Amino acid sequence: MPLNFLERDNKLKNHNLFGDEHFGSSPPCTMYEKKALIDPDGNEVDGLHTAWITLNNPEQYGSYTTDMIKGVIAGMHKASMSRDVVATIFTGTGDRAFCTGGNVKEYAEYYTKRPKEYADYVDLFSGMVDAILKCRTPVICRSNGMRIAGGQEIGQACDLTVAADTANFGQAGTRHGSVPDGGSTDFLPWNLSMEQAMWNCISNEQWSAYKMERLGLITKAVPIKKDSGGNWVPNPFVITDTYAKDGQIVYGEFKNGKEAGEAKALFKTLTTDFSWLDDYINKMVWTLANLFPLCLMKSVETIRIKKRFFWDANKISGIYGLGANMNAEAYLGFNAFNSQKVTGSDVIDFLELRRQYAKGHIFDDELAEMVFYPPKK
Ligand SMILES: CC(C)(COP(=O)(O)OP(=O)(O)OC[C@H]1O[C@@H](n2cnc3c(N)ncnc32)[C@H](O)[C@@H]1OP(=O)(O)O)[C@@H](O)C(=O)NCCC(=O)NCCSC(=O)C1=CCCCC1=O
């Protein structure tokens, strides 16, 4: 029996919640653009795309402002609702940083001592992590440079990471008065061993892209520097030609002393080229494009559920805990960072703070005066 008696509406619906009001082109902003899907021969494929969401704030190392967070949420949603998008690429501008977390200038000058305002901000920030974790395409973090603090949190919310080999990875919260509860305390123990996650999270050490590839936090580290002859040069600051020395794994560790000095001199002569990184990502996307779309996304989402397990359990307390902390250690830490040009120090006097805590000093302006380094004469 023919089914042509069934009424059909074949006009495609628009499922997008937002227009383009949250995107921009001049920093600080989040940019959204679609690029053609590229086949293995480098040709553009008709009718299929990748969505690029770019944190555009290179002068402040990719840190996101409140408005930029809205752009990421809108971007992940727009990519999800675009039928022709195969994968979403989340990246930054320039070759220094993907993202170094929240904008500390905005934190220090607006959010400190405004716990309710910051709770609302963290609600928005959590929405950004959720938007990445619920994007209806695979999300690849193209870590064009360092991924620190909140940058590491939103980077880990992505499904895969391909990094410039000049990118370092780590946290900053406990040094600048915050807690990496925006995802890292939940995701790091999945991505590293519990022991490594703990130290990376609390020490604020930065670990190289090569080390993070070795430890499993990222899929691939790819050179982005070339010499004057056009040859690729792996990040010269990092040991990549030796695996072990004196019984210790040295591959992926930073060079020291004279070798670090030589690396610095060499680095200055190199130019940046992202083509290898982008070829690597194009090949990954090509693999994804040649799979059953719905089976692919169900597989992605089922792996994401494990990441979300702790994140979903923890994110509500983050809103209130991080909000309240804007009256306490974050007030000290973010203002110290933001006034470093005046004081000469980007941190407070930690030992004095511990001495005053030991005496039971109340958390007031007198305490702040004791632990901030004074302005330089
Ligand atoms: C370790 C650093 C990331 C890099 O250090 P270094 O290589 O020495 O560069 P700097 O000279 O410090 O930085 C270059 C310029 O960029 C500015 N900058 C860097 N990061 C930020 C930022 N996050 N916000 C604003 N501006 C930033 C820096 O001031 C320099 O500017 P200049 O005018 O002097 O050229 C180091 O920069 C660093 O530690 N940055 C701060 C990292 C940080 O504390 N981020 C916020 C952490 S908290 C967070 O992200 C959270 C997210 C979600 C919820 C809770 C939360 O706290």
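Nothing here was measured: the structure is a model prediction, and the numbers come from that model. Counting convention: from 1, in listed order, for ligands and their atoms alike.
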Does ligand 1 come near enough to [X] that some N or O of the ligand is less than 3.5 Å from an N or O of the residue?
{"X": "Q340", "result": "no"}
{"X": "K105", "result": "no"}
{"X": "G173", "result": "no"}
{"X": "G102", "result": "yes"}

- prompt: So, Y118 versus Y110: side-chain donor-acceptor pair below 3.5 Å or not?
  reply: no
task: Using only heavy-atom distances, determine whether the side chains of Q156 and N191 contain a donor-acceptor pair under 3.5 Å.
output: yes
Determine, using ring centers only, whether [Y] and [X] are less than 6.0 Å apart.
{"X": "F98", "Y": "Y61", "result": "no"}
{"X": "F334", "Y": "Y111", "result": "no"}
{"X": "Y357", "Y": "H361", "result": "no"}

Within the 4.0 Å heavy-atom shell around [X], which atoms of ligand 1 are there?
{"X": "E59", "result": "15 (C), 16 (O)"}
{"X": "M146", "result": "3 (C), 4 (C), 7 (O)"}
{"X": "H176", "result": "39 (O), 44 (O)"}
{"X": "S63", "result": "22 (C), 23 (N), 24 (N), 25 (C)"}
{"X": "G101", "result": "50 (O)"}
{"X": "A149", "result": "45 (N), 47 (C), 50 (O)"}
{"X": "K341", "result": "32 (P), 33 (O), 34 (O)"}
{"X": "Q206", "result": "1 (C)"}

Under-4.0 Å heavy-atom contact with ligand 1, by part of [X] that carries it:
{"X": "Y118", "value": "side chain"}
{"X": "L322", "value": "side chain"}
{"X": "Q60", "value": "both"}
{"X": "R175", "value": "neither"}

query: Should we count CG of L294 as having more than 12 external heavy atoms under 6.0 Å?
result: no
Does [X] come within less than 4.0 Å of [Y], counting only side-chain N to carboxylate O?
{"X": "K134", "Y": "E301", "result": "no"}
{"X": "D186", "Y": "R308", "result": "no"}
{"X": "R355", "Y": "E352", "result": "yes"}
{"X": "K283", "Y": "D279", "result": "no"}
{"X": "R175", "Y": "D346", "result": "yes"}
{"X": "K113", "Y": "D365", "result": "yes"}

Does NZ or CZ of [X] come closer than 6.0 Å to the centre of the six-membered ring of [Y], within 45° of the ring's axis?
{"X": "K225", "Y": "F267", "answer": "yes"}
{"X": "K211", "Y": "W207", "answer": "yes"}
{"X": "K255", "Y": "F237", "answer": "no"}

Under 4.0 Å, counting heavy atoms only: does [X] come that close to any atom of ligand 1?
{"X": "Y121", "value": "no"}
{"X": "Q171", "value": "no"}
{"X": "E153", "value": "yes"}

- request: Give me the ring orientation class for F187 and W311: parallel if the planes are under 30° apart, tilted from 30 to 60°, perpendicular past 60°.
  value: tilted
[atom]: protein heavy atom closer than 4.0 Å?
{"atom": "atom 39 (O) of ligand 1", "value": "yes"}
{"atom": "atom 8 (O) of ligand 1", "value": "no"}
{"atom": "atom 29 (O) of ligand 1", "value": "yes"}
{"atom": "atom 46 (C) of ligand 1", "value": "yes"}
{"atom": "atom 57 (O) of ligand 1", "value": "yes"}

- line: Note: heavy atom closest to atom 25 (C) of ligand 1, options T100, V104, N325, belongs to V104
Nearest-option assignment for atom 36 (C) of ligand 1, heavy atoms, candidates Y64, Y61, F337: F337
message: Give me the nearest non-hydrogen protein atom to atom 51 (C) of ligand 1 as residue plus atom name, then the distance to 0.1 Å.
response: Y107 OH, 3.6 Å
